[in-house]
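To start, the structure under review is shown below, and the notes come after it.
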Protein chains: 2
Amino acid sequence: MFALYNSNITMIYSSELIKGTLKTIVLKLLSDNNRMYGYEITQKVKELTGDKIQITEGALYPTLHALESDGLLSVETEFIGKRVRKYYSLSTSGKQKSQEKISELADFMNTMKYLLDIKTA
Amino acid sequence: MFALYNSNITMIYSSELIKGTLKTIVLKLLSDNNRMYGYEITQKVKELTGDKIQITEGALYPTLHALESDGLLSVETEFIGKRVRKYYSLSTSGKQKSQEKISELADFMNTMKYLLDIKTA
DNA sequence: CAACAATGCATAACATTCTTATGTATGTTT
DNA sequence: AAACATACATAAGAATGTTATGCATTGTTG
């Protein structure tokens, strides 16, 4: 099940665009999904964006740790066979923060789309 | 002449959102306006976004210098009385690059809006 | 079954790109 | 004359990514 824009063209965004949006993406996915683990998040984002947004592990794991130490996420460690898996879910304050960040980013996207479309001449 | 979203609420975006979009914003304004100087760009962005996006000088001037040294912008220095003013305009390769960056950012915005709206449940 | 790819976590060195602070100078308004 | 706006510039520091590396387990394929 896919939902892609320009799925024929594989255009991976230049990385600097992702900056500043990663936390919000993570919070959004967790607000929709109740609980997810790190690797799952990277795959979900790839899937939902048709490979356009690829979250690197070097970015994701520190971000998850930061959100956790801010009290926005709680963690449950589980073992799948011998392999560790860490499930993250939103805390109460995480749910609050999640809504705020999503609203802010959505608003920002509208403003940016307006800025990009406008002819100021 | 204004065009604001939520003009009653002054919500300045948390700064990290701007990251990675500044070059594109500058290129976009220059593709619409033929030539502009630095201070003018900061004011135009403020005006167009209803104060939501405020470009700091510490970010803008280094960006203009970088775009210039990449050959994307050309400069003309003028004096208004005794005060210096540096007008920037797109070079030929700058016009090309401008279109590319605008397309990429517009596409990214669509993808992000999709990501934010979706219910993955 | 051996090799390779995928799953799953983690951290460190480095790069990029902002913010904040500071500096210099001229022009305008109260 | 003080304050604010215009107009440029740069440097120290913070934030947040990439790239590289490491380790271990599980699934797939020739």
Side-chain angles (χ1 to χ4, degrees), chain A residues 12-27 29 35-47 51-70 72-73 75-88 101 104-105 108 112, chain B residues 12-27 35-47 51-70 72-73 75-88 101 105 108 112:
Chain A
I12 298 170
Y13 302 121
S14 60
S15 53
E16 74 264 16
L17 288 181
I18 281 72
K19 286 211 180 191
T21 65
L22 180 53
K23 275 185 187 171
T24 307
I25 291 173
V26 169
L27 291 173
L29 286 181
R35 64 176 216 156
M36 298 182 85
Y37 56 97
Y39 187 77
E40 187 185 12
I41 293 174
T42 66
Q43 298 308 300
K44 195 72 178 176
V45 171
K46 267 189 66 174
E47 177 197 329
D51 294 352
K52 286 177 172 182
I53 297 181
Q54 312 227 18
I55 296 178
T56 61
E57 294 173 298
L60 180 63
Y61 290 117
T63 294
L64 287 172
H65 301 160
L67 290 172
E68 187 198 350
S69 83
D70 285 349
L72 302 176
L73 302 185
V75 195
E76 288 164 15
T77 301
E78 289 187 15
F79 281 87
I80 308 300
K82 287 178 184 173
R83 200 185 302 175
V84 181
R85 191 181 280 180
K86 292 192 172 180
Y87 280 98
Y88 291 89
K101 298 281 279 180
E104 185 193 17
L105 185 49
F108 177 73
M112 284 302 304
Chain B
I12 298 170
Y13 302 121
S14 59
S15 53
E16 73 265 16
L17 289 180
I18 281 72
K19 288 212 178 188
T21 65
L22 180 53
K23 275 185 186 169
T24 307
I25 292 173
V26 169
L27 291 172
R35 65 176 216 156
M36 298 182 84
Y37 55 99
Y39 187 77
E40 187 185 12
I41 292 174
T42 66
Q43 298 309 300
K44 195 73 178 177
V45 171
K46 267 190 64 173
E47 176 196 328
D51 294 351
K52 286 177 172 182
I53 298 180
Q54 312 227 16
I55 296 179
T56 61
E57 296 173 297
L60 179 64
Y61 290 117
T63 293
L64 287 172
H65 300 160
L67 291 172
E68 187 198 351
S69 82
D70 286 348
L72 303 176
L73 302 185
V75 196
E76 289 164 13
T77 300
E78 290 188 12
F79 281 86
I80 309 300
K82 287 179 184 173
R83 198 186 296 170
V84 181
R85 189 181 281 179
K86 291 192 172 180
Y87 279 98
Y88 290 90
K101 297 282 278 181
L105 185 49
F108 178 72
M112 284 303 304

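In the text below, chain A, chain B and the rest are named by the order of the sequence lines, each starting its count at 1. Side chains are part of it too, since the values below use all heavy atoms of this structure and drop only hydrogens, waters and symmetry mates.
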Would you indicate whether the side-chain heavy atoms of [Y] and [X] approach each other to under 4.5 Å?
X	Y	value
Leu64(B)	Ile41(B)	yes
Thr24(A)	Glu104(A)	no
Val26(A)	Met36(A)	no
Leu29(A)	Glu40(A)	no

Roughly, in whole Å, what's the span from [atom1] in [X] to [atom2] in [N]?
X	N	atom1	atom2	value
Ile41(B)	dA9(D)	CD1	P	12 Å
Glu40(A)	dG8(C)	CD	C1'	12 Å
Ile55(A)	dC9(C)	CD1	C1'	16 Å
Ile80(B)	dT28(C)	CD1	P	11 Å
Lys44(B)	dT6(D)	NZ	P	14 Å
Lys82(B)	dT28(C)	NZ	C1'	16 Å
Gln54(B)	dC18(C)	CD	P	16 Å
Glu78(A)	dC9(C)	CD	C1'	15 Å

Below 4.0 angstrom from OP1 or OP2 of dC18(C), is there any side-chain N or O of Thr56(B)? no

Is the shortest side-chain N/O distance from Tyr37(B) to OP1 or OP2 of dA7(D) below 4.0 Å? yes

Across the strands shown, which category fits Arg83(B) at heavy-atom distances under 4.0 angstrom: base, sugar-phosphate, nothing? base

Along nucleotides 10-17 of chain C, 5' to 3', which nucleotides get a B, which get an S, and which get a -, given that the test is a protein heavy-atom distance under 4.0 Å? BB----BB

side-chain hydrogen bond (donor to acceptor under 3.5 Å, both in side chains) with Gln43(B): which residues, sequence neighbours excluded? none

Which residues pass the side chain to side chain contact (heavy atoms under 4.5 Å, CB included) test with Arg35(A), sequence neighbours left out? Glu76(A), Glu78(A), Tyr87(A), Ser89(A)

Using 0.5 Å steps for rounding, measure from the NZ atom of Lys52(B) to the CZ atom of Phe108(A). 11.0 Å

